[in-house]
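Atoms within each ligand, like the ligands themselves, are counted from 1 in listed order. The structure presented is a predicted model; accordingly, all values stated were derived computationally and were not measured. Values reported hereafter were calculated over all heavy atoms of this structure, with side chains retained and with hydrogens, waters and symmetry mates removed.
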Amino acid sequence: MDLKMGTQLAEGKTKRILEVADRPGLVYLASKDAITAHNGIRKGQMEGKGVVATTTCAVVFKYLTAVGIRTAFVEQAAPDTLLCRRCDMVPIEWVTRRVATGSFLKRNPGVKEGYRFSPPKLELFFKDDTKGDPQWSEEQVLAAAFCCAGRAIGPDELRLMGKTTVAVFSVLERLWSSLGVALVDMKIEFGVDKETGEILVADVIDNDSWRLWPAGDKRLMKDKQTFRDAVDVTPEVMRDLKKNYEWVAEQLVGFNMSRHHQAVIIMGSPSDADHCAKIRQHLSHLGVSAAVRVSSAHKGTEETLRIVAEYEGTGEPVVFIAVAGRSNGLGPVLSGNTAFPVINCPPTPTVDSDVFSSLRTPSGLGCSTVLYPEAAALAAAACFALSDPTLWSRLAVRRLANWAKLSAADAAQRAAAE
Ligand SMILES: Nc1ncnc2c1ncn2[C@@H]1O[C@H](COP(=O)(O)OP(=O)(O)O)[C@@H](O)[C@H]1O
Ligand SMILES: [Mg+2]
């Protein structure tokens with residue numbers, strides 16, 4: 001891809017920001033080979049760091065985008081350059097911690113290293129190198145009355161950024177956990193899109209942004225901390241560090257986002273096809289593939305069991321969704337003949353349908369019952385999400401999006417009343 005680099009807008013410790021010719025809404029983030037610590041007091045050069053950091057960041061932001069987080073990332077434009085939405089940056093570092101370590105222990109004497117925060121601990125730091133990035137309370141951020149790209153940073157904006165920070169942490173924590181690595185803490189930044197006014201996760205997230213402890217063991221750390229801690233930055237220290245940065249990028253590049261699983265929607269009668277189509281559509285929005293079958297457990301028991309065996313034979317996780325209205329024999333028969341989860345979702349109640357036939361199951365059966373197509377899809381997705389970090393994250397971000405929608409509607413009501 002041809003880079004159309006325009007004027008340099010800013011140069012920080014680790015990257016340069018450049019305009020993109022003829023695209024005023026976009027910027028290039030060109031990573032340098034610099035590595036810094038202790039607010040720039042310790043400086044080093046790591047050949048190839050710009051490329052490895054950009055690779056890491058591109059995978060992280062693609063992943064966040066795929067699970068529904070709004071970010072400034074557009075694409076990786078060159079090995080060491082990202083193409084991003086041009087933002088007016090909020091000068092705050094948003095830090096989330098799962099495990100107490102590092103500066104938290106110094107600021108909170110008495111807390112033992114290893115203390116686990118549940119929910120993750122959120123801390124804010126004002127970006128000011130001259131003052132060593134002081135910790136700020138939310139009240140201080142409000143008092144600063146930042147206005148970015150014409151958008152005042154008030155309580156609503158603050159809450160949105162706080163909740164998004166914790167969501168981003170949870171999403172990346174799951175990803176790393178599936179690779180056997182503990183995400184201990186993490187820093188992100190936000191910007192306001194210059195063109196749309198939307199609040200976006202911006203700047204970068206790379207191996208300088210977090211602490212990573214494989215198997216939760218601090219001694220195995222893979223992040224920048226060894227550079228901060230080293231008494232002398234010897235060539236050996238730098239060599240090991242580079243290996244760690246490359247290891248982190250390789251893990252992320254090799255991460256398999258898509259897991260195989262399938263929801264199998266079985267209807268007792270073809271007259272329930274519309275209801276099943278709705279379930280399938282909700283599943284598809286969540287990124288879950290589904291098969292739709294017709295089989296009556298009353299009239300074609302053998303065929304029903306053959307269908308169960310067919311999906312059990314795929315070797316992949318399956319959730320059965322039983323759609324039967326009048327007398328639901330289907331769900332309980334499935335449940336009694338497979339160890340996979342069975343969710344009953346009888347079609348919209350009519351005089352003819354009997355929800356209780358789904359609820360009153362024989363002893364020894366554990367199928368559940370929901371009434372709405374969306375609920376069936378979400379319940380099935382939650383089953384798969386137990387072993388699928390990407391799907392789990394999509395569900396988590398969906399909750400954040402629901403909250404953000406309500407919060408925006410509330411803000412609109414308040415504005416209308418003024
Ligand atoms: N999407 C973006 N749009 C505009 N500016 C950005 C964007 N992402 C990052 N920046 C800004 O780029 C500058 C350079 O980054 P960096 O080298 O990390 O600086 P610093 O040393 O101040 O952290 C910072 O001022 C950062 O806020
Ligand atoms: Mg920075």
Side-chain angles (χ1 to χ4, degrees), residues 3-21 23-46 49-54 56-58 60-62 64-65 69-78 80-95 103 124-134 136 141 144 146-151 153 161 164-165 168 185-210 223-224 227-228 245:
L3 297 195
K4 299 196 184 97
M5 294 223 179
T7 321
Q8 181 167 310
L9 296 167
E11 175 159 9
K13 296 186 286 288
T14 56
K15 51 194 179 293
R16 299 182 301 129
I17 307 297
L18 300 115
E19 278 184 330
V20 181
R23 306 282 301 273
L26 303 177
V27 285
Y28 288 123
L29 265 63
S31 276
K32 307 198 270 190
D33 284 349
I35 177 161
T36 70
H38 311 302
N39 279 312
I41 295 167
R42 173 168 283 181
K43 289 195 190 89
Q45 282 294 113
M46 186 200 287
K49 177 170 181 277
V51 173
V52 79
T54 300
T56 302
C57 184
V60 168
F61 272 83
K62 266 185 214 160
L64 292 177
T65 306
I69 299 271
R70 307 290 299 157
T71 80
F73 174 82
V74 178
E75 63 183 11
Q76 183 169 0
D80 64 351
T81 305
L82 300 175
L83 182 67
C84 297
R85 301 287 311 162
R86 183 172 181 175
C87 293
D88 204 356
M89 299 298 292
V90 181
I92 297 290
E93 293 193 344
W94 299 75
V95 172
S103 77
L124 314 184
F125 297 87
F126 176 51
K127 277 178 72 83
D128 182 354
D129 283 341
T130 61
K131 297 205 175 74
D133 296 348
W136 270 17
V141 181
F146 294 124
C147 185
C148 301
R151 183 161 178 176
I153 305 300
M161 288 187 274
T164 305
T165 302
V168 167
D185 49 30
M186 189 193 68
K187 174 225 99 170
I188 65 170
E189 294 178 29
F190 290 88
V192 180
D193 190 308
K194 285 263 211 191
E195 280 185 343
T196 65
E198 190 182 2
I199 292 176
L200 302 173
V201 178
D203 197 65
V204 295
I205 301 176
D206 59 30
N207 199 32
D208 293 349
S209 307
W210 52 36
D223 52 83
K224 194 167 85 172
F227 180 72
R228 296 191 191 101
Y245 275 66

S.K.: Can you check whether Glu198's main-chain N or O pairs, donor with acceptor, with Arg151's side chain at less than 3.5 Å?
M.R.: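 No.
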S.K.: Under 3.5 Å, N or O to N or O, is Lys13 touching ligand 1 that way?
M.R.: yes
S.K.: Only heavy atoms count here, so choose which of Leu9, Thr36, Ile17 is nearest to atom 10 (N) of ligand 1.
M.R.: Ile17
S.K.: When rounded to the nearest 0.5 angstrom, what distance separates CG in Leu26 from CD in Glu75?
M.R.: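 If we round to the nearest 0.5 Å, Leu26:CG and Glu75:CD are 9.0 Å apart.
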S.K.: Can you list the atoms of ligand 1 that are under 4.0 Å from a heavy atom of Arg85?
M.R.: 1 (N), 2 (C), 3 (N)
S.K.: Would you kindly specify which portion of Met89 sits under 4.0 Å from ligand 1, judged on non-hydrogen atoms: side chain, backbone, both or neither?
M.R.: side chain
S.K.: Does atom CZ of Arg23 have more than 12 heavy-atom neighbours from other groups under 6.0 Å away?
M.R.: no
S.K.: Strictly less than 4.0 Å: does any protein heavy-atom distance to atom 25 (O) of ligand 1 fall in that range?
M.R.: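 No; the ligand atom in question lacks any protein heavy-atom contact below 4.0 Å.
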S.K.: Does CZ in Arg70 sit with more than 12 non-hydrogen atoms of other residues, nucleotides or ligands closer than 6.0 Å?
M.R.: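 Counting neighbours around CZ of Arg70, 12 or fewer heavy atoms of other residues, nucleotides or ligands fall under 6.0 Å, so no.
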S.K.: In the protein, which heavy atom is nearest to atom 19 (O) of ligand 1, and how far is it?
M.R.: Gly12 CA, 3.4 Å
S.K.: Using atom types as modelled and distance alone, determine if a side-chain donor or acceptor of Asp88 lies under 3.5 Å from a backbone N or O of Cys148.
M.R.: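 Looks like no, no N/O pair under 3.5 Å.
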S.K.: Under a heavy-atom criterion of less than 4.0 Å, does Lys127 contact ligand 1?
M.R.: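 Per 4.0 Å heavy-atom rule, Lys127 contacts ligand 1.
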S.K.: Going by the order shown, which atoms of ligand 1 are within less than 4.0 Å of some heavy atom of Thr14?
M.R.: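 Atoms satisfying the 4.0 Å criterion: 16 (P), 17 (O), 18 (O).
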S.K.: Is the shortest N/O to N/O distance between Lys15 and ligand 1 below 3.5 Å?
M.R.: yes
S.K.: Hey, is ligand 1 close enough to Val27 that some N/O pair sits below 3.5 Å?
M.R.: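 Min N/O separation from ligand 1 is not below 3.5 Å for Val27.
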S.K.: Report yes or no: does Asp133 contribute a side-chain atom to a donor-acceptor pair with the main-chain N or O of Asp128 at less than 3.5 Å?
M.R.: yes
S.K.: For atom 3 (N) of ligand 1, which protein heavy atom lies nearest, and how many Å away is it?
M.R.: Cys87 N, 3.0 Å
S.K.: Using a 4.0 Å heavy-atom threshold (strictly under), name the region of Asp203 that reaches ligand 1: side chain, backbone, both or neither.
M.R.: both
S.K.: Are the side chains of Leu9 and Leu18 in touch, meaning some heavy atoms are under 4.5 Å apart?
M.R.: no
S.K.: Testing Arg85, Arg86, Glu19 one by one against Val27 for a side-chain contact (heavy atoms from CB on, under 4.5 Å), which residue passes?
M.R.: Arg86
